Every structure is written in structure tokens, then in C-alpha cells.
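Quick notes on the structure that follows.
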Amino acid sequence: MARDTARTVRRTVALLLVAGLAATCGATMPDPGPPAWSSPGLVGGGGWPFASEPLDPLEADGAAYVPGSSAVLLRDGRVQVIPFGTEEPVTMPRDDPRVAVAVRAERSWLDAGRVPGRMPAHRDMAARALLDLRLLTAPSGASTASWYGPWRLVWPRDSAFAMAAFSATGHAAEARRVCRFLAGVQDEDGMWAARYHPDGSAVTDGRGVQLDGLGWVLWAAWFQSRMDPGAVAGLPELWPMVRRAADRLSGSLGADGLPPPSSDYWERDPGDEQDPRRPTLGVVAPALTGLRAATALARDRGAAQDAQRWETAAGRLSAAVARQFAPYGYPRSPVGGSGMDAAVTFLAPPFAAPDPGVAAAVRTAARKLRLPGGGVLPGELWAGHREVAWTPETAMFALAAAASGGYGQGAGWLDWLAAHRTSLGVLPEKVDEDGRPAAVAPLGWTAALVVLAMAAQDQPLPVP
């Protein structure tokens, strides 16, 4: 009892170090500096429903996951695991039968799908990322950004990528659960809130809508249908969800062919952008991908009128991108001097067909955003800490390179990510100027992007 109380106190102190941070969907809100460290990863088990707890930082020294599982082998040789049917971690001898049960269950889950990656370090990172995505995804399909406080919320954007990662690796049951959750919380007018609690209730903190979420969910639904052909028939919720979202998105386009301004993955108020009157590339590119994906789904379904309506909208939006963003080199906002944004990768494969102008812009953005220690900033005009690298954005470049056939370049980005994981091998949200993991770990969006990047190296991903 005394030991449990002490652990609780230590964990509370550790969590308080990050309590003042404002989390985002993959968390790209400007911050005053690299946040304090909290935990190198989650302790889990192989049971159902999945349960997880952060490893106490004071027990992390010398600890490592039992390979292919979320059971943690401590420095003293004992194992910390959440046994089947329970919710709290238990420390037990390595030869306790409950350890073997948990490890066997998680390895069986991995083996039931595919673990991508051509190199051992990459495959190990992919396996860990998949296990972490599983731990972050409740049986209801609520896939949270991470485990701690403000991050323990569901962003449609992050969930869409989790759905795609599960689909790409043959874990169809998990992908379908995420899809059902998103369909269940969608408004009748087709929109999603910026964030949801795991119980499905919207977070009411005054954040406006984030239109990029519409595009990402549409793309993920189409991607799922390609990787899991039975998904459309097995998910009666999928088509109504797609139809509502695509109609909302296509109906939002203005006379200039662009959707209205809204917050994107930076989680910044549109009024703070270089051009507050028009949307950023982080909204426009996902919207274009989503409309193309919805068109393809409608054609598959034989819904000719829907397909024509959404294809027309996609054509208008594509022309607007060519007219308003391309002349400036595809920057964050369609004005001179707005700077490059990692969102330029959203115009590249696997989200769009290859385009020489976009490919050149991706290379330019990678050069301008890359930090001396590796990794990237979200954008040239990023208002946060200028020496802290963000792993989701780094993984975006890895995915763009891999999906475009650039194995070596993609592998380079993945090498950096693999080398900057936590001591447990978990992908964090950020890496500070000294090369140390920072903020929360795992971060679901980074995990999903890394899995997709390695899947793209193994075989070409479909492009809407």
C-alpha cells in the first residue's frame, strides 16, 4: 500500500509538469518552449477491452518492452503488465503465466495483419507504433491523440489517420471501429466538432470547426474501402457519413472555388494567418483530397449524381489551388511571404497524383523547415519554439517521399524518427534542441503517419 501511494505521488508530480500545456491534434499550437517530459510510453496488456497506463518515469531507467508487446520488462527483471480483464498495471515475475498470456495475445494481433518496414529498426518502430495506436483506440473506436489530459481527446483528423494505418496493415476490425465512432459523432449537417471526449460528446471549449477534418475523414473512408473491400458492405454507416461530409464540404466552396477560412492542424485562429480572408493550404489540400476520395466512392457505389456533384466541386477547388497557391510555390497562405508549410505534402502522393510543381515545393519546404539536428518545424513562420522539431510534420515528409517512390529519402526521415524515440522505443510528439523526446509519447498521429510511410515503401498506396 505504501509503495502504491508513493508511486501515485510520483506520477502526479510528473503529470503536473505538463498540466499547463494546451494540447492539439498532433499538437501543433505555438508554445513557449519544449514541455517537460512525462513518460516514455504506456504499459498495456493483451486483454479486452484494451487498457493502458503511463509507465512511471522513475521506473523507466533500464526498462524495455518485451518484444512485440506492451508489457514492460523492468531493470530488476520483473515485468509490469495489465493482466487480462483488469485496468491497473501489476508488477510480477517474468515467468508469471499472465505475462505470457498478454505477450502472446499482442503478438497474435500483430501477426494477424502486416508489420511494414524493410529494415529491422523500421519494422520495430512500426510494430511499436501499431501497438500504441491499438492502446490509444478504445473498443468504441474512440482513438485519442495520446494518453494525458488535454491529449486524451479524439480529433477527427488524427482518427482518420489511425483508421488508414489500421487499414493499410490489415487490421480491419480496428479500422472499422474508428469509422463507426466517427460516423456516430458526426452532425446531421455533415460536420464534426474540433474534438471529442472518448465517450463521444463534443468538447465545448469555444474552438471553431476545422474543415480539414472533413477532407481527412473522407480520404480515410475511401482508403479503407480500397484496403478492406468488405468495409463498405460491413459498415452501413460509411456511405451516409461520406455523403453528409462531402455535401457539406462541396457546399462550402465560395465563388473563388475555395472553402471558407478555418483552423487547420496548426490549431491557429484564421484571424492570425497572413491572409485571414482565405483558407490555408492545411485546409485546402485535405478538402481537395476528400472531394476526390468521395467522388471515387460514389462511382464505386454507382451514385452517378453524387459523383458528378463532388467531381465538379473538386475541379473548382483544384483550379483555385492552381490559380491562388501555385504561383507562390504552394505556401501556407495564397499570398507572397506567407512561408512554406509542411502541409504542402498533402498535395503529394498518396493524397494526390504526382505533380512536378508540387514535388519541387515539397523539396523546397523540406529544405527550409529542416532543423540542424534533423526533423522539421511545422512552417517557416512558426510562432513556437524555433529549435524544437515536430514528429508529425517530419513523418509527413517521410510519407510523401515514400509514396512518391523516393525510398532513400523516405528512409532518411524514418531513420531520424527511429533514432529519436523514447527509451521504450515510442514516438513522441516533439524532439527538443538536444535531441531528447519532448511532450507526450506516444502521439497517435505520428504513429499512424510512420506506419503509412513504411507501408508505402513496401507497396504503392492507392491515390484518389
Side-chain angles (χ1 to χ4, degrees), residues 19 21-29 42 49-52 132-167 173-221 223-224 235 237-238 240-246 248-249 252 262-269 282-283 286-287 290 392 429 439-440 442-449:
L21 296 173
T24 70
C25 75
T28 44
M29 179 177 287
L42 298 170
F50 312 132
S52 63
D132 286 336
L133 281 172
R134 192 186 191 213
L135 289 177
L136 293 175
T137 304
S140 66
S143 189
T144 60
S146 193
W147 59 269
Y148 171 70
W151 285 264
R152 199 174 188 122
L153 297 170
V154 179
W155 276 262
R157 180 189 307 113
D158 298 53
S159 292
F161 278 88
M163 179 165 51
F166 285 135
S167 298
E174 285 71 24
R176 292 185 186 194
R177 278 198 289 271
V178 176
C179 186
R180 287 192 187 99
F181 179 88
L182 290 171
V185 299
Q186 184 187 31
D187 291 341
E188 285 299 318
D189 65 359
M191 196 59 218
W192 280 278
R195 301 179 299 169
Y196 293 90
H197 295 287
D199 65 4
S201 59
V203 178
T204 55
D205 63 351
R207 294 194 190 197
V209 298
Q210 297 179 2
L211 287 175
D212 62 323
L214 285 168
W216 287 132
V217 175
L218 288 170
W219 166 76
F223 187 89
Q224 181 186 34
L235 284 168
E237 307 95 332
L238 188 146
M241 176 187 78
V242 165
R243 197 161 188 240
R244 287 191 295 264
R248 172 63 185 261
L249 190 54
S252 74
S262 84
S263 177
D264 63 13
Y265 79 107
W266 279 29
E267 304 275 345
R268 190 161 77 176
D269 187 279
V283 170
E429 181 183 55
V440 291
L443 188 76
W445 196 17
T446 303
L449 285 161

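Bear in mind that the values here come from a model prediction, so they are computed numbers and not experimental data.
With Y196 contributing its side chain and V185 its backbone, the two residues share a donor-acceptor pair below 3.5 Å.
By the ring-ring contact (aromatic ring centres under 6.0 Å, His included) test, F166 is found to be paired with no residue, residues two or more places apart in sequence or in another chain being considered. Not counting sequence neighbours, the partners of D189 by the salt bridge (charged side-chain N to carboxylate O under 4.0 Å, His left out) test are R248. Partners of R180 under the side chain to side chain donor-acceptor pair (under 3.5 Å) rule, at least two apart in sequence or in another chain, do not exist in this structure. In terms of the side chain to side chain donor-acceptor pair (under 3.5 Å) criterion, Q224 has no residue partners (sequence neighbours excluded). Annotation: side chain to side chain donor-acceptor pair (under 3.5 Å) contacts of S146 (sequence neighbours excluded): none. Under the salt bridge (charged side-chain N to carboxylate O under 4.0 Å, His left out) criterion, R244 pairs with no residue, sequence neighbours left out.
The heavy-atom pair separating P198 from V154 by the smallest distance is CA-CG2, 4.5 Å. The two residues P156 and L182 make their nearest non-hydrogen contact at CA-CD2, 4.0 Å. Closest approach of A448 to A162, counting heavy atoms only: CB-N, 3.9 Å.
Using a 4.5 Å heavy-atom threshold, the side chains of L153 and T144 count as separate. Inter-residue side-chain proximity for W155 and S143 is flagged as unmet; no heavy-atom pair is nearer than 4.5 Å.
Side-chain rings of W219 and F161 approach one another, their centers coming within less than 6.0 Å.
Across L443, L135, D132, L42, a single residue satisfies side-chain contact (heavy atoms from CB on, under 4.5 Å) together with W147, and that is L42.
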